[in-house]
**Q** 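My questions will all concern the structure given below.
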Amino acid sequence: MTAPPGTTPGTTGQQFAGPLSAAVAELCVALQRQVSPRTAAGFGEVLRRLSAPLQVAVAGRIKSGKSTLVNALIGRRVAPTDVGECTRLVTRFQYGTVDRIEIVFTDGRKQVLPFDPGGMIPASLGVDVDRVSHLEAYLTNAVLRDLTVIDTPGLGSLDAASVARTEELLGVRGDELDPVSRSAVAGAEAVLYVVTQGVRADDQQALAAFTAATASREAGPVNAIAVLNKADTIAPESVEGSGGDVWRAAQLLAEKQAHGLRPRVADVIPVMGLLAESAETGGFTSADADSLRALAQLDRATRDTILLSADLFASWECDVPAGTRVRLLEKLDLYGIGCALAAIDAEPEITAGALRRRLLDSSGLDLVRGKLGAVFGSRADGIKAAAALASVTALAHASGDPGERQRVHNAIEVLLAKPEAHQLRLLEALTLVASGAVAMPQDLVDEVLRVGSSPEIAEQLGLPGRPPQELAAHALERAGWWRSFASFGATPAQSRVAHVVHRAYFLVWQQLRGSGGGRRR
């Protein structure tokens, strides 16, 4: 009997992100009969994760606004943003048919807890936090059907226990394997790294610390992006070329940061997390819109004065009560308030709903979601399959049985030899080059990153907007060049990468010749 599309035999009808994930699942099912019970249990966990939504860890330094961004992405204010015991814990937000919280203790016990009356994780859990491993938050939320979001304590925190919990759950400390090698399979498959304008020189190292957050694979341009949060706090006069515009300054700074963080991340996208959270989670109300309309009625001199700084906005005497202005600051900050006032000036009768949408547009959240879709969503199948293979390999090595390791290795090689699995080879080559494990001249590094990082053929080839015939000719020419490079002049490590890139170009040429277009692979 043939398995339904998107499933694989022996997985009880589970759905997978695509054919690569299904193929890896089939490999796990076959290997479970050939390995020890401990390793087989680990493979079972890999199978479970293969059929689950893509898991994205939101990482970054303390006070970078990670939890605020998590709330905005989910569309619900559920993650605590004030410093407290819950911000010291790793929290996994995933889809569930009933809203609930599970406290997972270090000894494996679980305790169910309801959300507080406001729909958030309670400020106090009522348990000894030092005995808590992490939290599992289940929400009836459409976004979480396709994405599991993992909120992590801030890196660089003085709280060593918080850092240890992050490392343990995400698998950074490989010397603490439990009976099913949790640290090999519990990590996220992709990373959303949050930075602010004060990026430190060691953010590259902080990103590298999340290697195991991608299931023992280096974070790179395939499975990691960064966001420049709190973009509204940037002083535009400090950024050359901004023309005094805050958003333009944020874009220019993000481009500079992207250059500094590459090749660890695909891109850096500016966002105003607080504004995004308020506009997307229901924090902005019709009463807030009325307060903004009252502000818009103030004389121009008073308006200009109070918008100079947060202190002036909150303390200057005017007809709008100070408490009202403080609440607006807490929800929108000065930049959001300025955007709202400009919208009201342009359209005095604007509704509260339309004003909320303007604020959401101004926050940059849609750009972040678009990049998440482009980098993660469009290649979730390949990301999940590659992460699963890395976990399978780690489990086999952890077994300590040379014969078991060899059987797993041979099975993986058979899978990777199939033409349809070439994307996995390309992701592996991209990771090796991006991490510096295989050294290459910079122009070739840039080409490998381009070929492996974009889901669009024209972008892979570096020829956007060109006709299919030109794309096909270029793909064939570059396939020939990389084949020659693999045979003449390349080191053995470079040659292995070159053969993969050659094959990638050749498959692109075949697709273009057959379809006459530049569609996604």
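Values in this document were obtained by computation on a predicted structure and should not be read as measured data.
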**Q** Go through the steps to decide whether Val501 and Leu444 satisfy the test side-chain contact (heavy atoms from CB on, under 4.5 Å), and finish with yes or no.
**A** CA-CA 10 Å; Val501 178; Leu444 297 186; over 6 Å; no
**Q** Measure across Pro80 and Ile121 and return the closest heavy-atom pair with its distance rounded to 0.1 Å.
**A**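 Nearest heavy atoms, Pro80 then Ile121: CD-CB, 4.1 Å.
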**Q** With a 6.0 Å cut-off (strictly less than), is the heavy-atom count around CZ of Arg145, excluding the residue itself, greater than 12?
**A**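 Incorrect, the count does not exceed 12.
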**Q** Show your working on side-chain contact (heavy atoms from CB on, under 4.5 Å) between Gln197 and Lys230 and close with a plain yes or no.
**A** CA-CA 8 Å; Gln197 55 183 309; Lys230 305 182 181 181; over 6 Å; no
**Q** Supply the atom-to-atom distance Leu476 CG to Phe506 CZ, rounded to the nearest 0.5 angstrom.
**A**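 Atom-to-atom, Leu476:CG and Phe506:CZ are 7.5 Å apart.
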**Q** Just wondering, do Leu113 and Leu135 contact through their side chains at under 4.5 Å, heavy atoms?
**A**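 They are not in contact (no side-chain heavy atoms under 4.5 Å apart), so the answer is no.
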**Q** Just by distance, do the side chain of Thr152 and the backbone of Val58 share a donor-acceptor pair under 3.5 Å?
**A**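 Indeed, once roles are kept as given, a pair shorter than 3.5 Å links the two residues.
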**Q** Kindly indicate whether the side chain of Ser399, heavy atoms from C-beta on, has any atom under 4.5 Å from the side chain of Val408.
**A**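 No - every pair of side-chain heavy atoms lies 4.5 Å or more apart.
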**Q** State the NE2-CG distance between His474 and Leu461, to the nearest 0.5 angstrom.
**A**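 These two atoms lie 5.5 Å from each other.
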**Q** Could you work out, with side-chain contact (heavy atoms from CB on, under 4.5 Å) as the rule, every residue matching Ala226, not counting sequence neighbours?
**A**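 Only Tyr193, Leu261, Val265, Val268 meet the side-chain contact (heavy atoms from CB on, under 4.5 Å) criterion with Ala226.
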**Q** Under a 3.5 Å distance rule, please check whether Gln32 uses its side chain to pair with a backbone N or O of Ala40 as donor and acceptor.
**A**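 Looks like yes, one N/O pair under 3.5 Å.
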**Q** Is there a side-chain contact (heavy atoms from CB on, under 4.5 Å) between Arg109 and Arg131? Walk through the geometry before answering.
**A** CA-CA 10 Å; Arg109 292 183 301 112; Arg131 297 182 180 275; 5.5 Å; no
**Q** Taking the basic N atoms (NZ, or NE/NH1/NH2) and the acidic carboxylate oxygens, is any pair closer than 4.0 Å for Glu413 and Arg425?
**A**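 A salt bridge is present here (some side-chain N lies under 4.0 Å from a carboxylate O).
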**Q** Using distance alone, with no hydrogens and no angle criterion, decide if Asp381 and Ser21 have a side-chain donor and acceptor under 3.5 Å apart.
**A**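 Asp381 vs Ser21: donor-acceptor pair found between side chains.
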**Q** Please name the pair of heavy atoms, one in Leu27 and one in Ala411, separated by the smallest distance, quoted to 0.1 Å.
**A**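 Minimum heavy-atom separation between Leu27 and Ala411: CD1-O, 3.5 Å.
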**Q** Please examine the side chains of Leu54 and Asp146, heavy atoms only from C-beta on, and report whether any two atoms are closer than 4.5 Å.
**A**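 A side-chain contact under 4.5 Å is absent here.
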**Q** Checking Phe485 now: which residues fulfil ring-ring contact (aromatic ring centres under 6.0 Å, His included) with it, not counting sequence neighbours?
**A**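 Phe485 satisfies ring-ring contact (aromatic ring centres under 6.0 Å, His included) with Trp481, Trp482 once adjacent residues are dropped.
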**Q** Please answer whether the main-chain N or O of Thr196 pairs with a side-chain N or O of Gln257 as donor and acceptor at a distance below 3.5 Å.
**A**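 The answer is yes, because a donor-acceptor pair under 3.5 Å joins these two groups.
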**Q** Specify the closest pair of heavy atoms between Ser391 and Arg49, including all atoms of both residues, with the distance to one decimal.
**A**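 Between these two residues, the closest heavy atoms are OG-NH1, 4.2 Å.
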**Q** Any donor and acceptor pair, going by atom type alone, linking the side chain of Arg369 with main-chain N or O of Leu73 inside 3.5 Å?
**A**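 Yes: the side chain of Arg369 pairs with the backbone of Leu73.
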**Q** For a side-chain contact (heavy atoms from CB on, under 4.5 Å) check, start with the C-alpha distance between Phe43 and Thr39, then their side-chain angles and the critical distance, and finish with the verdict.
**A** CA-CA 6 Å; Phe43 288 174; Thr39 306; 3.6 Å; yes
**Q** Answer yes or no: is there a donor N or O on one side and an acceptor on the other, between the side chain of Ser495 and the main chain of Ala486, under 3.5 Å?
**A**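 Here the side-chain-to-backbone pair exists.
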**Q** Tell me whether His134 contacts the main-chain N or O of Thr91 through its side chain, where contact means a donor paired with an acceptor under 3.5 Å.
**A**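 Flag not set: sc His134 to bb Thr91 has no pair under 3.5 Å.
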**Q** According to side-chain hydrogen bond (donor to acceptor under 3.5 Å, both in side chains), who are the partners of Arg496, at least two apart in sequence or on a separate chain?
**A**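 Checked Arg496 against side-chain hydrogen bond (donor to acceptor under 3.5 Å, both in side chains); zero matches.
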**Q** Just to verify, what does Ser484 make a side-chain hydrogen bond (donor to acceptor under 3.5 Å, both in side chains) with, not counting sequence neighbours?
**A**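 Residues passing side-chain hydrogen bond (donor to acceptor under 3.5 Å, both in side chains) with Ser484: none at all.
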**Q** To the nearest 0.5 Å, what is the distance between CD1 on Ile457 and CZ on Arg466?
**A**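 Reported value, rounded in 0.5 Å steps: 15.5 Å.
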**Q** Nearest 0.5 Å, please: how far is NE2 in His502 from NE2 in His499?
**A**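 Output value for this atom pair is 8.0 Å.
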**Q** Output yes when a side-chain donor or acceptor of Glu459 lies under 3.5 Å from a complementary backbone atom of Pro464, and no otherwise.
**A**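 Such a contact is absent between Glu459 side chain and Pro464 backbone.
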**Q** Please answer whether the main-chain N or O of Gln460 pairs with a side-chain N or O of Arg450 as donor and acceptor at a distance below 3.5 Å.
**A**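 Side chain of Arg450 to backbone of Gln460: a pair is present.
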**Q** Quick one: closest heavy-atom pair of Pro270 and Val368, and the distance?
**A**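 Looking at all heavy atoms of both residues, the shortest contact is O-CG2, 4.5 Å.
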**Q** Provide the closest heavy-atom pair for Leu424 versus Ala385 in the form atom of the first, atom of the second, distance.
**A**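 Heavy atoms only, the tightest pair is CD2-CB, 3.7 Å.
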**Q** Taking the side chain as C-beta and beyond, is there a heavy-atom pair between Leu507 and Gln510 under 4.5 Å?
**A**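 Leu507 reaches Gln510 side chain to side chain.
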**Q** Asn410 versus Val414: any side-chain heavy-atom pair under 4.5 Å?
**A**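 Heavy-atom side-chain distance check fails, nothing below 4.5 Å.
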**Q** Taking the side chain as everything from C-beta on, heavy atoms only, tell me whether Asp99 gets closer than 4.5 Å to Thr140.
**A**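 Contact flag for Asp99/Thr140 side chains = yes.
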**Q** Look only at the side chain of Asn141 and the backbone of Ile74, and say whether a donor-acceptor pair between them is shorter than 3.5 Å.
**A**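 A pair under 3.5 Å: yes.
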**Q** With sequence neighbours excluded, tell me which residues meet side-chain hydrogen bond (donor to acceptor under 3.5 Å, both in side chains) with Arg483.
**A**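 side-chain hydrogen bond (donor to acceptor under 3.5 Å, both in side chains) check on Arg483 returns nothing, list empty.
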**Q** Taking all heavy atoms of Leu430 and all of Val448, pick out the closest pair and write down the distance.
**A**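 Closest approach of Leu430 to Val448, heavy atoms only: CD1-O, 3.8 Å.
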**Q** Side chains of Val392 and Cys28, heavy atoms from C-beta outward: is any pair under 4.5 Å?
**A**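 When only atoms from C-beta onward are counted, Cys28 and Val392 do touch, with a gap below 4.5 Å.
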**Q** Check whether any side-chain N or O of Arg503 sits under 3.5 Å from a backbone N or O of His422 as a donor-acceptor pair, and report yes or no.
**A**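 Not at all, since once roles are kept as given, no pair shorter than 3.5 Å links the two residues.
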**Q** Check the side chains of Ser64 and Asn229 for a donor-acceptor pair under 3.5 angstrom, ignoring hydrogens and angles.
**A**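 No - no donor-acceptor pair under 3.5 Å links their side chains.
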**Q** How long is the straight-line distance from OH of Tyr505 back to CD of Glu477, given to the nearest 0.5 Å?
**A**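 So the CD of Glu477 and the OH of Tyr505 are separated by 8.5 Å.
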**Q** Nearest 0.5 Å, please: how far is CG in Leu365 from CG in Leu372?
**A**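 Nearest 0.5 Å value for the CG-CG distance: 9.0 Å.
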**Q** Does any part of the side chain of Ile150, heavy atoms only, come nearer than 4.5 Å to the side chain of Val90, both counted from C-beta?
**A**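 The answer is yes; the side chains approach within 4.5 Å.
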**Q** Partners of Lys110 by salt bridge (charged side-chain N to carboxylate O under 4.0 Å, His left out), sequence neighbours excluded?
**A**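 With neighbours one apart ignored, the set is Glu102.
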